[in-house]
Q: 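The structure's right below; bear with me while I get my questions together.
These numbers come from the heavy atoms of this one structure, side chains and all, not from hydrogens, waters or symmetry mates.
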Amino acid sequence: MAGTARTEPAAARGAGADGLRLPPLKLLVDGDWRDACSGATFATVDPATGQVIASVTESGADDIDLAVRVARRALDPGTRATVPSAATA
């Protein structure tokens with residue numbers, strides 16, 4: 001197929017034998033994909049091949065604090081749309 005040929009071996013790309021390599025996986029906070037506050041990541045390894053298949057964002061206390069603040073803001077009664085109680089029954 002045109003345009004699908006790989007120019008380097010999978011191992012050179014850090015992919016598994018089948019060529020699987022995921023983009024960096026980030027944290028979803030407040031509807032946005034973001035890096036950890038610390039910038040830390042860790043590798044996810046395919047146990048069958050030992051090859052790294054993804055780099056995953058490693059969340060820490062600052063990331064958790066941010067996510068909790070965002071969640072609390074989302075649940076604040078003043079920020080939610082109101083629905084008549086008859087419609088929710």
Q: Quick check: closest heavy atoms across A36 and L27, and the distance to 0.1 Å?
A: CA-CD1, 4.1 Å
Q: Just distance, no hydrogens or angles: give the donor-acceptor pairs under 3.5 Å from side chains in residues 53-71, sequence neighbours left out.
A:
{"unit_1": "T57", "atom_1": "OG1", "unit_2": "L25", "atom_2": "O", "d": "2.7"}
{"unit_1": "D63", "atom_1": "OD1", "unit_2": "C37", "atom_2": "N", "d": "2.8"}
{"unit_1": "D63", "atom_1": "OD2", "unit_2": "G60", "atom_2": "N", "d": "2.8"}

Q: What are the two closest non-hydrogen atoms of K26 and R34, and how far apart are they?
A: CB-O, 3.2 Å
Q: Please report the closest heavy-atom contact between D46 and A48, naming both atoms and the distance.
A: OD1-N, 2.8 Å
Q: Suppose we screen for side chain to side chain donor-acceptor pair (under 3.5 Å). Which residues come up paired with D30, at least two apart in sequence or across chains?
A: R73
